[in-house]
Amino acid sequence: MPSSVDEVDRIPLSARPEWSDVRPVPQDDGPNPVAPIAYRDDFRETMDYFRAVYLADERSRRAVDLTTEAIGMNPGNYTVWHFRRVVLESLNADLHEERDFLDRMTMRNAKNYQIWHHRRWLAEKLGPEVANKELEFTKSILDLDAKNYHAWSHRQWVLQSLGGWENELDYCCMLLEDDIFNNSAWNQRYFVITRSPLLGGLQAMRDSEVGYTTEAILANPPNESPWRYLRGLYKGNASQLISDNRVSELCLKVLKTSNSCRFALGLLLDLLCYGFQPSEELRAVVEALRNSEQDTVSSNLAATVCLILEITDPMRSNYWAWRRNNLPSQVR
Amino acid sequence: MSEVAGGSLPRSDSSVAMESSPPSSSTSSSPPSPSDGPRRLTVTQLEQLKVEEEVFEIYRILRGIAPHTQSFMLELWRDAHIEFLTRGLGLLGPSYHVLDANRPWLCYWIIHSIALLGEPLDSELEDSVVEFLSRCEDKYGGYGGGPGQMPHLATTYAAVNTLVTLGSEMALSSINRASMLKFLLRMKDSSGAFRMHDGGEIDVRACYTAISVASILNVLDVELVKDLGNYILRLPTNDKNLKPPRNQICQTYEGGIAGEPGSEAHGGYTFCGLAAMILINEADRLDLPSLVDWVASRQGVECGFQGRVNKLVDGCYSFWQGGALVLAQRLSPILHKQLESFFIGGVQASVACNKSCNITTGETDLDGNLCGAGTSHAKIEGLSDFGFSFIEKQTECGPLFQSIALQQYILLCSQVLEGGFKDKPGKQRDFYHSCYCLSGLSVSQHSCSKDPSVPPPTRAVLGPYANLLEPVHPLYNVVLNKYYKSHEFFSRL
């Protein structure tokens, strides 16, 4: 929405001499439009002039200026953005100026698809020289909302296409230090350890990452993010997941201290389904969690885990019952 | 829900919803810090606590009142919703100019909502909608956000679903299917994914809307499907020789699906990715157990769904997440197979996994592509029919979420008494949330029916039975009988 200052200062296009040669094209809404919008005069006029230059495919400086006005009034109009790119390319315009314009627009509309798409187009044109600036910029957006989906996607694109990986793991650490529940930061961490050309990939990072994640879980067992991350570290490698003692020991430790943590039990269930052989101690801890009312005596630990979850995690009782009924035949 | 496979009856979900004395949520308990003393609450925790407080206050009121008043509180305010929605089709105020490039969406959100409520539309109004949407149709195919705007996949999806919902001969025949196919092919990217518009962004939304439109109009072809699965899926294997590289696919390590490769798993994209994969008959290439685990975990103590891990509940995810679980329910044979293949015992993990994948997906070559003339030919034959056969098959699997609890969140926390629905207490109503809260309410009410065209039992509907909404086809999110009508129409063409 334009600020009131813009509105007061705005000279109608029809009163500007540089536009006197253009005949505005009204919107063809038909005789019985549905959900018609009661446009304000300035909006209607701007769009009427936009349609005129768009239809005439006029690639001029004033066309760019007109799109600036139209975008200011409705940044969601992808046709206007698209035409702006077409014209800027034709004019070989100074794209650094475009960046300043876009910074201002993004600050005001941080969750708009078109703005971020335009930003990606622009950064691609400007190339690796703007990598750090783009990373700085997304940081300034994430400072305001650390989970802004568009900002994260753009940041990942910048890293992959333009580079700038050097401090990314530190950045993730900083955000997680600030808010260990920030799942977007965990996701970014996964992105970095699996894709950064400087780190050697998942295999090389797994060991130290398991350590970091275990610590985060023990500090906050009810935080789902590190639990998902931990499984991610063994993605596609179940045999390593069940053979790494640190994973089962973590489950044991958490279940001993924080009763019926659903994430610990859920992970244990998957371990058992993969064929993990639990220690006597782990078995005993799980058995102890079982409600005495449950007379279903089962020698099957996986089924027992499901039964415990059906009671202690009522929002997912259907899901856990379904898991219990779909255990692999070998662990049934 | 005695239909739950295995016959053992979990506690009825109403007891979860009504009695839930707010347990400490995943993020609200203050984090125990063994070493460095008490810590301040993080932003995530503070925001979560605030929402929990507001929601639990509403539930406390519900628990404290007489049963007949409870039933009154749980009523769906049909008349108020219809009035709010119908007014939306009339003149909208100047502040709606921010939706000036989303006008077919306004049509879909409103008209689909009215159809869910089982309310007929004035036939003159119907004709105006058809006429108006024709003005949004591009001469080279597809629909734009308003008259004269470029065609865009999202508004194309909204326009087509609106016309299917109207269902008249005039509405259905107004769509130019030949040019539509050309438009969809033009949006197809070499990666297998789709872009939203000429020069537009590529993501899973674009994939879903393109495939949904092609499928419902019976124009889905091999070209449109090519390599799409490779963009969305996550191979359940660690074999580095398999393409696509693990890092260029949208199903994430969390289990849900992201907007584009590398991003965070998200409810909206998870629905889109799963629905698209089902429509092209490649759902078995997803890691479905981890997807279902992720989605089921998104229903929180507030009884509604959140869109991502450690984010706030939002009524619109009632459809995106609830709908994804309703889709998964109908995939239970594939899920069963994939869960069965979990067990690796002493065998090396990836090998065992590969084998089982081939059982379910047909042979895959080293590029991860389907091969063997027989398989791919069978897949190509009735490409547009997967949406139809999906809903025709009965499901033996009960709901994978707490349907009554979800209905409670929608009716008490999202419903606005003056009409319409909102994200959560403290927010404003809008047409988007009205559409997706009602869609979520519908899939929830019908989630325990084996056959969606059979009305659910009384216990499946929270509040008065008159709350019952029309069932939807969950892959397209259009009212089921409207879908059948359009299916009949387009299969004749």
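Just so we're on the same page: letters track the sequence lines, and every chain starts at 1.
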Exercise for review: Could you check A/Y54 against B/M150 for side chain to side chain contact (heavy atoms under 4.5 Å, CB included), going step by step and ending with a plain yes or no?
Suggested key: CA-CA 11 Å; A/Y54 177 62; B/M150 292 167 68; 3.2 Å; yes
Point to revise | Heavy-atom proximity to chain A below 4.5 Å, by part of B/L335 | key: side chain
Practice item. Could you tell me which portion of A/W116 (side chain, backbone, both or neither) has an atom closer than 4.5 angstrom to a non-hydrogen atom of chain B? Key: neither
Exercise for review: With a 4.5 angstrom heavy-atom cut-off, could you sort out which part of B/R195 is near chain A: side chain, backbone, both or neither?
Suggested key: neither
Exercise for review: Heavy-atom distances under 4.5 Å only: say whether A/R332 touches chain B with side chain, backbone, both or neither.
Suggested key: side chain
Exercise for review: Nearest 0.5 Å please: distance from the CD1 atom of B/I111 over to the CG atom of B/L85.
Suggested key: 10.0 Å
Practice item. May I ask you to name which of A/V86, A/D178, A/N187 has the most heavy-atom pairs under 4.5 Å with chain B? Key: A/N187
Revision key, fill the gap. Honestly, the part of A/F83 sitting under 4.5 Å from a heavy atom of chain B is neither
Check your understanding: Considering the options A/L175, A/L159, A/N182, which one meets the side-chain contact (heavy atoms from CB on, under 4.5 Å) requirement together with A/Q188?
Key -> A/L159
Revision key, fill the gap. Greatest number of non-hydrogen atom pairs under 4.5 angstrom with chain B, of A/N32, A/L241, A/D28, falls to A/D28
Check your understanding: Using 4.0 Å as the upper bound for N to carboxylate O, is an ion pair formed by A/E124 and A/R85?
Key -> no
**Study point:** Region of B/E201 that comes under 4.5 Å of a non-hydrogen atom in chain A
**Key:** both
Study note, to complete from the structure: Comparing A/G76, A/A146, A/S243, A/S184 against chain B, the one with the most heavy-atom pairs below 4.5 Å turns out to be A/S184
**Study point:** Pairs of heavy atoms under 4.5 Å with chain B: top-ranked of A/R51, A/Q156, A/R231, A/Q277
**Key:** A/Q156
Point to revise | Winner by heavy-atom pair count (cut-off under 4.5 Å) against chain B, out of A/W81, A/Y39, A/Y78 | key: A/Y78
Point to revise | Interatomic spacing from NE2 in A/H150 to CG in A/N109 - rounded to 0.5 Å | key: 11.0 Å
Review point. Do you know which of B/E340, B/H336, B/H152, B/E260 has the most heavy-atom pairs with chain A at a distance under 4.5 angstrom?
Key: B/E340
Review point. Given a strict heavy-atom distance threshold of 4.5 Å, which part of B/H197 is in contact with chain A: side chain, backbone, both, or neither?
Key: side chain
Check your understanding: Do other residues, nucleotides or ligands put more than 12 heavy atoms under 6.0 Å from the CD atom of A/Q330?
Key -> yes
Exercise for review: Name the region of A/F276, side chain, backbone, both or neither, that has any atom closer than 4.5 Å to a heavy atom of chain B.
Suggested key: neither
Exercise for review: Among the options B/L400, B/V309, B/L89, B/L91, pick out the one with the most heavy-atom pairs lying under 4.5 Å from chain A.
Suggested key: B/V309
**Study point:** Interchain contact, B/T155 with chain A, by part (heavy-atom threshold 4.5 Å)
**Key:** side chain
Check your understanding: Is the number of heavy atoms from other residues, nucleotides or ligands within 6.0 Å of CD (A/E177) greater than 12?
Key -> no
Review point. At what distance, to the nearest 0.5 angstrom, does OG of B/S95 lie from CD1 of A/I37?
Key: 9.0 Å
**Study point:** Between A/C261, A/P31, A/G266, the one whose heavy-atom pairs under 4.5 Å with chain B are most numerous
**Key:** A/P31
Review point. Does A/R155 make a cation-pi contact with A/F191 (under 6.0 Å, within 45 degrees of the axis)?
Key: no
**Study point:** Region of B/S297 that comes under 4.5 Å of a non-hydrogen atom in chain A
**Key:** both
Point to revise | B/F431 versus chain A, the contacting section by heavy-atom distance below 4.5 Å | key: neither
Check your understanding: So, for A/Y234 and A/Y274, is the gap between ring centers shorter than 6.0 Å?
Key -> no
Practice item. Below 4.5 Å from any heavy atom of chain A, which atoms of B/D293 appear? Answer side chain, backbone, both or neither. Key: both
**Study point:** Pick from B/N102, B/L99, B/D127, B/V129 with the largest number of heavy-atom pairs that fall under 4.5 Å of chain A
**Key:** B/V129
Exercise for review: Answer with side chain, backbone, both or neither: which region of A/F43 has an atom nearer than 4.5 Å to a non-hydrogen atom of chain B?
Suggested key: side chain
Point to revise | Residue A/D41 excluded, over 12 heavy atoms near CG under 6.0 Å | key: no
Study note, to complete from the structure: Max heavy-atom pairs within cutoff under 4.5 Å with chain A, candidates B/D100, B/L125, B/L106, B/V43, goes to B/D100
**Study point:** Segment of A/D313 engaging chain B (4.5 angstrom heavy-atom cut-off)
**Key:** neither
Practice item. Calculate, to the nearest 0.5 Å, the distance between atoms CD and SG belonging to B/Q329 and B/C448 respectively. Key: 8.5 Å
Review point. Do we get B/R298 above B/W294's six-membered ring, with its NZ or CZ under 6.0 Å from the centre and within 45° of the axis?
Key: yes
**Study point:** Under 4.5 Å from any heavy atom of chain B - which part of A/L327
**Key:** backbone
Check your understanding: About how many Å separate CG of B/L312 and CD of B/Q48, when rounded to the nearest 0.5 Å?
Key -> 6.0 Å
Study note, to complete from the structure: Separation between NZ (B/K337) and OG (B/S341), nearest 0.5 Å, reads 10.5 Å
